[in-house]
J.: 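The structure follows.
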Amino acid sequence: MNRLIWIGMLFALCLQGMAQTNKTTNGQTLVVRKTTVTKKTVPANTTKQGSTKQAPAKQTTTKQSTAKTSGKTDKTTFNQKTAADTQAQKESAALQQSTGYLYNAPLPYLPQKLDVLFIGNSFSIDTSAALPSILSSLGMNNVNVYVLYKGGCSMKQHYEFYKSGEKVYELYRYNSQGEVQLEKTTSIGEVMQRFPYDVVVWQQYSLESGDYTSYEPYLSKLIQAYNITKLSARTTFAFNETWAYASNAKNLTRYKNQKNMWKSICTAVRKMKAASGIDLVIPCGTAVQNAREVEALKVDNELTRDGTHISNYAGRYLLACTFFESIIAPCMNRSIREDNTTYGKSTDVGQVNDTNRRLLQNCARLAVANNYEISEFAGQ
């Protein structure tokens, strides 16, 4: 009996142990499960790993933000440039609505004869005076330059004289034979219809050359008037850019100083070119500024004879070279470098000779190459 009791007790103890083992096992399983779940969801590990993984994401966001900012900056710059271009186009269009009807014909190439008409004033005479010497030196007998002259005449006055038909002009011709006065009194309308000109050159009164508002509407109206009366089948229009006065000129006060006057002239001519369609500029003003930078050419009153008009020899030769390179050279396929003439007497101040001829030619050629900039190579 005792033995049976003992076996029962032992059996009960075994059952209790098995129950405890299962409970422990279940506890471990639960712990394992908890641990397993914890490994998947433990805040510490997840946060650390997440932070490590998220850090590059934050950097990427920063880079993206920088890229967006940079993109905005580039876009702003682009938009500003576009706005500036648009505004320039609007201004040009506004000018063209009142003036821009002209499609400028190209210069003739190797014509049998070249006839050019200057509609201007004393500055036109200065520009043409030395041409006969150059044309004679080069043996060019088929070029004629006609200058319609009225002292101090502005665009507005040319227009008014055209409408009135007043005979207030003189007419000169320059060719290889020299200078000839063809008419002592004539009108602008009569001269427009006198010859079938290949090129017509317009020019503003020098004191008003730096003020574009003085150009229009007179220039456009004069071009219209010429187009309905011209004899030639085609005409190329050009514009003569005048030069700034000497530093001691009385009238220079309107522009404050010489450089400012020259820059104002360049600005006005640029506007004229954009609005009218006259894309051919004779840059006499820039040629003169080039020469004023050359020490070897500083023999006159800044290349003037009275503070405003160009000097008789070096100055006039320089302008003729500029005119030649702008108009005659491309038409006739010749170069001013071929000219070896001596202009003026040995006793004349500013005589053109072997000492200064090449320098003057260079100043002209550089101005033709760049109409609105003083060249650093002018003295070479």
Side-chain angles (χ1 to χ4, degrees), residues 101-132 134-136 140-205 218-240 242 276-278 280 282 319-320 323-324 326-328 330-332:
Y101 49 85
L102 173 67
Y103 171 74
N104 207 27
L107 288 168
Y109 183 66
L110 295 179
Q112 293 184 347
K113 185 177 69 164
L114 181 66
D115 291 316
V116 181
L117 172 63
F118 245 116
I119 297 178
N121 46 50
S122 59
F123 274 40
S124 306
I125 297 288
D126 277 345
T127 303
S128 309
L131 280 173
I134 296 173
L135 295 173
S136 177
M140 300 179 68
N141 302 316
N142 57 347
V143 176
N144 296 292
V145 177
Y146 302 90
V147 177
L148 185 66
Y149 162 75
K150 174 73 171 70
C153 201
S154 67
M155 287 288 178
K156 181 179 180 180
Q157 290 173 317
H158 286 310
Y159 168 65
E160 290 173 344
F161 288 139
Y162 177 83
K163 288 200 302 180
S164 67
E166 292 180 70
K167 295 187 176 184
V168 294
Y169 294 90
E170 299 174 38
L171 180 64
Y172 293 85
R173 183 187 65 201
Y174 297 87
N175 58 23
S176 61
Q177 304 304 308
E179 173 190 314
V180 175
Q181 186 182 54
L182 298 179
E183 298 287 350
K184 289 184 178 181
T185 57
T186 187
S187 70
I188 184 172
E190 290 176 349
V191 172
M192 282 181 174
Q193 300 178 66
R194 182 160 184 166
F195 298 106
Y197 308 104
D198 300 291
V199 183
V200 173
V201 183
W202 308 93
Q203 180 188 291
Q204 177 59 300
Y205 168 49
Y218 316 110
L219 175 59
S220 60
K221 290 181 180 295
L222 285 166
I223 293 174
Q224 289 178 18
Y226 179 82
N227 276 331
I228 63 174
T229 60
K230 66 181 181 180
L231 299 180
S232 58
R234 58 185 299 282
T235 303
T236 304
F237 293 100
F239 195 91
N240 191 30
T242 58
S276 69
I278 298 177
L280 181 56
I282 305 171
L319 300 184
F323 179 88
F324 186 95
S326 300
I327 304 293
I328 301 174
C331 289
M332 311 306 287

J.: Do any N or O atoms from the side chain of Ser124 and from the backbone of Asn121 form a donor-acceptor pair under 3.5 angstrom?
T.: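 Pair found, side chain donor or acceptor close to backbone of Asn121.
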
J.: Counting neighbours of NZ on Lys230 that are heavy atoms of other residues, nucleotides or ligands and sit closer than 6.0 Å, is the number greater than 12?
T.: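 Counting other residues, nucleotides and ligands, NZ of Lys230 exceeds 12 neighbours.
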
J.: Using a 3.5 Å distance criterion without hydrogens, assess whether the side chain of Asn104 forms a donor-acceptor pair with backbone atoms of Phe237.
T.: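 Yes, the answer is positive, given that a donor and an acceptor are paired below the 3.5 Å cut-off.
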
J.: Which heavy atom in Cys153 sits nearest to a heavy atom in Gly120, and how many Å separate them?
T.: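 Heavy atoms of Cys153 and Gly120 come nearest at CB-O, 4.1 Å.
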
J.: Looking at Phe118 versus Tyr174, is the centre-to-centre ring distance below 6.0 Å?
T.: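 Judged by ring-centre distance (under 6.0 Å), Phe118 and Tyr174 do not meet the cut-off.
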
J.: Is there a side-chain contact between Gln157 and Tyr205, using heavy atoms and a 4.5 Å cut-off?
T.: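 No, every pair of side-chain atoms sits at 4.5 Å or beyond.
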
J.: Which word best sums up how the rings of Tyr218 and Tyr159 line up, parallel for under 30°, tilted for 30 to 60°, or perpendicular for over 60°?
T.: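 Rings of Tyr218 and Tyr159: tilted, 30 to 60°.
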
J.: Taking all heavy atoms of Gln181 and all of Glu170, pick out the closest pair and write down the distance.
T.: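 Heavy atoms only, the tightest pair is NE2-OE1, 2.8 Å.
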
J.: Please name the pair of heavy atoms, one in Ile278 and one in Leu219, separated by the smallest distance, quoted to 0.1 Å.
T.: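 Closest pair (atom of Ile278, atom of Leu219, distance): CD1-CD2, 4.4 Å.
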
J.: Find out whether Phe324 and Met140 are in side-chain contact, i.e. whether some heavy atom of one side chain is under 4.5 Å from a heavy atom of the other.
T.: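 Contact flag for Phe324/Met140 side chains = yes.
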
J.: Determine, stepwise, if the pair Glu190 / Lys167 fulfils salt bridge (charged side-chain N to carboxylate O under 4.0 Å, His left out).
T.: CA-CA 9 Å; Glu190 290 176 349; Lys167 295 187 176 184; 3.3 Å; yes

J.: Between Leu114, Leu135, Ile327, Leu107, which is the residue that forms a side chain to side chain contact (heavy atoms under 4.5 Å, CB included) with Met332?
T.: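 For Met332, the side chain to side chain contact (heavy atoms under 4.5 Å, CB included) check succeeds only for Leu114.
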
J.: Answer whether the closest heavy-atom distance between the side chains of Val201 and Val145 falls below 4.5 Å.
T.: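 Side chain of Val201 against side chain of Val145, heavy atoms only: no contact under 4.5 Å found.
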
J.: If we only count heavy atoms from C-beta on, is the Tyr162 to Thr229 side-chain gap below 4.5 Å?
T.: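 The answer is yes; the side chains approach within 4.5 Å.
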
J.: One pair to check against side chain to side chain contact (heavy atoms under 4.5 Å, CB included): Leu222 and Ile188. What are the steps and the verdict?
T.: CA-CA 10 Å; Leu222 285 166; Ile188 184 172; 4.2 Å; yes

J.: For Phe123 versus Asn240, what's the shortest heavy-atom pair and its separation?
T.: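 Of all heavy-atom pairs spanning Phe123 and Asn240, the closest is O-ND2, 4.4 Å.
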
J.: So, taking the atom named CD1 in Ile228 and the one named CD1 in Ile223, what distance separates them when rounded to the nearest 0.5 Å?
T.: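 CD1 of Ile223 is found 13.0 Å from CD1 of Ile228.
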
J.: With heavy-atom distances below 4.5 Å as the criterion, would you say the side chains of Gln204 and Ser154 are in contact?
T.: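 Of all side-chain heavy-atom pairs linking Ser154 with Gln204, at least one is under 4.5 Å.
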
J.: CG/Asn227 to CE/Met192 distance, rounded to the nearest 0.5 angstrom?
T.: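 CE of Met192 is found 9.5 Å from CG of Asn227.
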
J.: Please determine whether side chain to side chain contact (heavy atoms under 4.5 Å, CB included) holds for the pair Tyr146 and Val191, giving the CA-CA distance in whole Å, both sets of side-chain angles, and the decisive distance to 0.1 Å.
T.: CA-CA 9 Å; Tyr146 302 90; Val191 172; 5.9 Å; no

J.: List the atom of Pro111, the atom of Cys331, and the distance in Å for their closest heavy-atom pair.
T.: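 Looking at all heavy atoms of both residues, the closest pair is CD-O, 3.6 Å.
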
J.: For a side chain to side chain contact (heavy atoms under 4.5 Å, CB included) check, start with the C-alpha distance between Tyr226 and Ile119, then their side-chain angles and the critical distance, and finish with the verdict.
T.: CA-CA 11 Å; Tyr226 179 82; Ile119 297 178; 5.6 Å; no

J.: Nearest 0.5 Å please: distance from the CZ atom of Phe239 over to the CD1 atom of Ile282.
T.: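 Spacing of CZ (Phe239) from CD1 (Ile282) equals 10.0 Å.
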
J.: Just by distance, no angles: are the side chains of Asn142 and Gln112 close enough, under 3.5 Å, to form a donor-acceptor pair?
T.: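 Checked: Asn142/Gln112 side chains show no N/O donor-acceptor pair below 3.5 Å.
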
J.: Mind checking the OG-CG spacing from Ser136 to Leu131? Nearest 0.5 Å is all I need.
T.: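 Between atom OG of Ser136 and atom CG of Leu131 there are 12.0 Å.
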
J.: State whether a side-chain donor-acceptor pair under 3.5 Å links His158 with Tyr169.
T.: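 Result is yes, a qualifying pair exists.
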
J.: Roughly how far apart are Asp198 CG and Arg234 CZ, rounded to 0.5 Å?
T.: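 It comes to 7.5 Å.
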
J.: Taking the side chain from Thr236 and the backbone from Pro106, do they hold a donor-acceptor pair closer than 3.5 Å?
T.: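 Here the side-chain-to-backbone pair exists.
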
J.: With a 4.5 Å heavy-atom cut-off, do Lys221 and Lys163 have their side chains touching?
T.: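 Not touching, per the 4.5 Å side-chain cut-off.
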
J.: Measure across Pro132 and Ala129 and return the closest heavy-atom pair with its distance rounded to 0.1 Å.
T.: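 For Pro132 and Ala129, the tightest heavy-atom pair comes out as CD-O, 3.3 Å.
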
J.: Can you check side chain to side chain contact (heavy atoms under 4.5 Å, CB included) on Asn144 and Phe195, steps first, answer last?
T.: CA-CA 11 Å; Asn144 296 292; Phe195 298 106; over 6 Å; no

